[in-house]
Student: 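Below: one structure in structure tokens.
Numbered from 1 within each chain, the chains take letters A, B, ... in sequence-line order.
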Protein chains: 2
Amino acid sequence: MSSETDLRRRILDTTRHLLVQDGYASLSMRKIARAIGYSATSIYLYFENKDALFHALIDEGMEQLYDELKTVAAAYSDSPRARLRALCRRYVEFGLENQEYYEIMFLLRPERMERYPADKYRRARRNLDIMASALADGVEQGVMHTDDPRVSASVIWAALHGTVSLQLSRRVDIRIDRDAFIDAAIDQALRGVLPVEVRPQAA
Amino acid sequence: MSSETDLRRRILDTTRHLLVQDGYASLSMRKIARAIGYSATSIYLYFENKDALFHALIDEGMEQLYDELKTVAAAYSDSPRARLRALCRRYVEFGLENQEYYEIMFLLRPERMERYPADKYRRARRNLDIMASALADGVEQGVMHTDDPRVSASVIWAALHGTVSLQLSRRVDIRIDRDAFIDAAIDQALRGVLPVEVRPQAA
DNA sequence: GTGCTGTGATTAACGGCGTTAAGTAACAGC
DNA sequence: GCTGTTACTTAACGCCGTTAATCACAGCAC
């Protein structure tokens, strides 16, 4: 029983390592097998197929992101606004620091996702819940406003995701300073949830 | 000379067709060749490799997007704010209406992009320029504000790109209405470039 | 000890892929 | 009729994900 788990763990660790080292595009079952010194088909004893292996890795990434966001949220439990800002920053940093991870987590087209819907979605959505609850706290304390917290949290996420995506794919104009860009993006994302009394009507 | 161009065109058209019909993942040189009734190697007479074929397709997509944005911009030449809003909406609509196109244009990791930098970048950046010029006009007329128009245009783009990406990959909570989400995202994106006198300080 | 069963791994194979090298058939110009 | 060129094909290489069949060996029943 321990040996079964052992090889499964080695596969996951090696895959993550190869992913970071060589990128997603060049990753293959045979290459993973070579790296751990087993035959390619051995991997199929522990994972249904390549997708399933990646899904397991995605789950671990979601867990890690969740842990990081949770820690950030705890550090700013008193101020919803500071908390939301810190969460945004941490999200972007996570994406930039874990490029290949971010790619399989959020960039790859999830064609097969319908197969493992419930648990996977639930796990990914916890990350959004942390943001939504910062929003809810802010609304309650009167320092934020939103018509629908779920929608606002998703919109903020979309803005952050776009920021990370463009940065990772190097599509942002090189003349634009990376940090200035990220700061501007976060500022802009947060500006949307300011309380009504100081918020202007939309353009 | 006309026949050379003919097959090249057929390859491009068929590839686009297969892309829309079956998706990027299942597209192969051999499949394209089968569809046009030629051997796979014939494609290499007109395109250096698979990447080059896709780059040509991306260029066409960029051209189409540019045309659409240009048309929108012309229709709202008098009002920078209405223009910017219409541009945002058109961008999102383009992404949602041309899923597979949008995928190869903006979602795929451009590993090889360094090779064809100048023309490709320039072409893609024209789309951003249309937005930036709406911004510049707005600033000039005093109905918008931004510290740096290039940065603001990119930040808006990032927000729109994130919105399209999450929608296309079906990662947005199903309970959130698609149009409401898009409207909220665009509102939020535009809120960041309101003039200073009505804009609150950042959260 | 002999035989049975189950487990964890292997090898061989299938059909696909992108790409290159070599070859062929049709045709233009001399 | 030969030559060179153009437009295309076939054959092949070395990858890929995945499946089927097989092997080595452990533990256990008798």
Side-chain angles (χ1 to χ4, degrees), chain A residues 1-58 100 103-104 108-116, chain B residues 1-58 100 103-104 108-116:
Chain A
M1 139 174 285
S2 95
S3 87
E4 185 208 10
T5 305
D6 276 0
L7 186 46
R8 201 189 128 93
R9 247 300 22 109
R10 273 187 71 192
I11 293 171
L12 282 169
D13 291 342
T14 304
T15 304
R16 183 177 45 236
H17 180 241
L18 288 175
L19 189 66
V20 171
Q21 181 181 290
D22 301 342
Y24 169 76
S26 81
L27 200 53
S28 74
M29 297 295 263
R30 294 169 129 104
K31 189 169 169 181
I32 296 165
R34 248 176 273 132
I36 54 175
Y38 281 75
S39 73
T41 51
S42 289
I43 300 176
Y44 289 85
L45 299 172
Y46 302 96
F47 300 93
E48 197 194 332
N49 51 33
K50 200 184 179 185
D51 275 344
L53 168 55
F54 272 81
H55 279 291
L57 222 50
I58 289 172
E100 302 293 346
E103 182 172 9
I104 63 165
L108 255 41
R109 223 24 178 335
E111 326 274 359
R112 302 271 170 81
M113 214 183 227
E114 352 290 346
R115 283 200 199 166
Y116 329 63
Chain B
M1 142 174 281
S2 96
S3 89
E4 187 209 10
T5 305
D6 275 0
L7 186 49
R8 200 190 128 93
R9 246 302 16 111
R10 274 187 71 192
I11 293 170
L12 282 170
D13 291 342
T14 304
T15 305
R16 182 177 43 237
H17 180 241
L18 288 175
L19 189 66
V20 171
Q21 182 181 289
D22 300 342
Y24 169 76
S26 82
L27 199 54
S28 74
M29 298 296 262
R30 294 170 130 105
K31 188 170 171 182
I32 296 165
R34 248 176 274 134
I36 55 176
Y38 282 74
S39 74
T41 52
S42 290
I43 300 177
Y44 290 85
L45 299 171
Y46 301 97
F47 300 93
E48 199 195 330
N49 51 34
K50 198 183 179 187
D51 275 343
L53 168 55
F54 273 82
H55 279 291
L57 221 50
I58 290 172
E100 302 292 347
E103 181 171 10
I104 63 166
L108 255 43
R109 236 350 191 352
E111 325 274 0
R112 301 271 169 81
M113 212 181 226
E114 351 291 344
R115 283 199 196 166
Y116 329 63

Student: Measure from OH on B:Y44 to P on D:dT6 and round the result to the nearest Å.
Tutor: 22 Å
Student: Using the closest heavy atom to pick a nucleotide of DNA chain D for each, name whichever of A:K31 or B:A40 lands nearer the 5' end.
Tutor: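 Its nearest nucleotide being more 5', the pick is B:A40.
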Student: In whole Å, I'd like the distance from the CD1 atom of B:I43 to the P atom of D:dC8.
Tutor: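 That distance rounds to 12 Å.
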Student: Between the base of C:dG16 and the side chain of B:R30, is there any donor-acceptor pair under 3.5 Å?
Tutor: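 No.
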Student: So B:Y38, base contact, sugar-phosphate only, or nothing? Heavy-atom distance under 4.0 Å.
Tutor: sugar-phosphate
Student: Can you tell me the distance, in whole Å, between the CZ atom of B:R10 and the C1' atom of D:dA7?
Tutor: 14 Å
Student: Find the distance A:L45:CG to D:dT18:P and express it as a whole number of Å.
Tutor: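 Rounded to the whole Å, the gap is 14 Å.
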Student: Tell whether A:T41 reaches the base of C:dT11 with its side chain through a donor-acceptor pair below 3.5 angstrom.
Tutor: yes
Student: In this structure, how many angstroms lie between the C1' atom of C:dT10 and the CG atom of A:L7, rounded?
Tutor: 13 Å
Student: Is a side-chain N or O of A:R10 found less than 3.5 angstrom from the main chain of A:I36, in a donor-acceptor match?
Tutor: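 Checking the backbone N and O of A:I36 against the side chain of A:R10, a donor-acceptor pair under 3.5 Å is found.
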Student: Quick check: closest heavy atoms across B:L18 and B:A35, and the distance to 0.1 Å?
Tutor: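 Reported closest heavy-atom pair: CD1-CB, 4.0 Å.
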Student: Counting only side-chain nitrogens and oxygens, does A:Y46 get under 4.0 Å of the OP1 or OP2 atom of C:dA9?
Tutor: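 Checking A:Y46 against C:dA9: at least one side-chain N or O falls below 4.0 Å of OP1 or OP2.
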Student: Side chains of A:F54 and A:Y24: does their closest heavy-atom pair fall under 4.5 Å?
Tutor: yes
Student: Specify the separation, in whole Å, of atom CZ of B:F47 and atom P of C:dT20.
Tutor: 16 Å
Student: Measure from CE on A:M29 to P on D:dG17 and round the result to the nearest Å.
Tutor: 7 Å
Student: Need one value for B:S28: base, sugar-phosphate or nothing, where a base atom within 4.0 Å counts as base even if backbone is also close, heavy atoms only.
Tutor: sugar-phosphate
Student: When you measure from the side chain of A:T15 to the backbone of A:I11, do you find a donor-acceptor pair of N or O atoms at a distance under 3.5 Å?
Tutor: yes
Student: Tell me the interatomic distance from B:R8, atom CZ, to D:dC8, atom P, rounded to whole angstroms.
Tutor: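 About 14 Å, once rounded to whole Å.
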Student: Check B:L53, B:L57, B:D51 against B:H55 for a side-chain contact (heavy atoms from CB on, under 4.5 Å) and give me the one that passes.
Tutor: B:D51
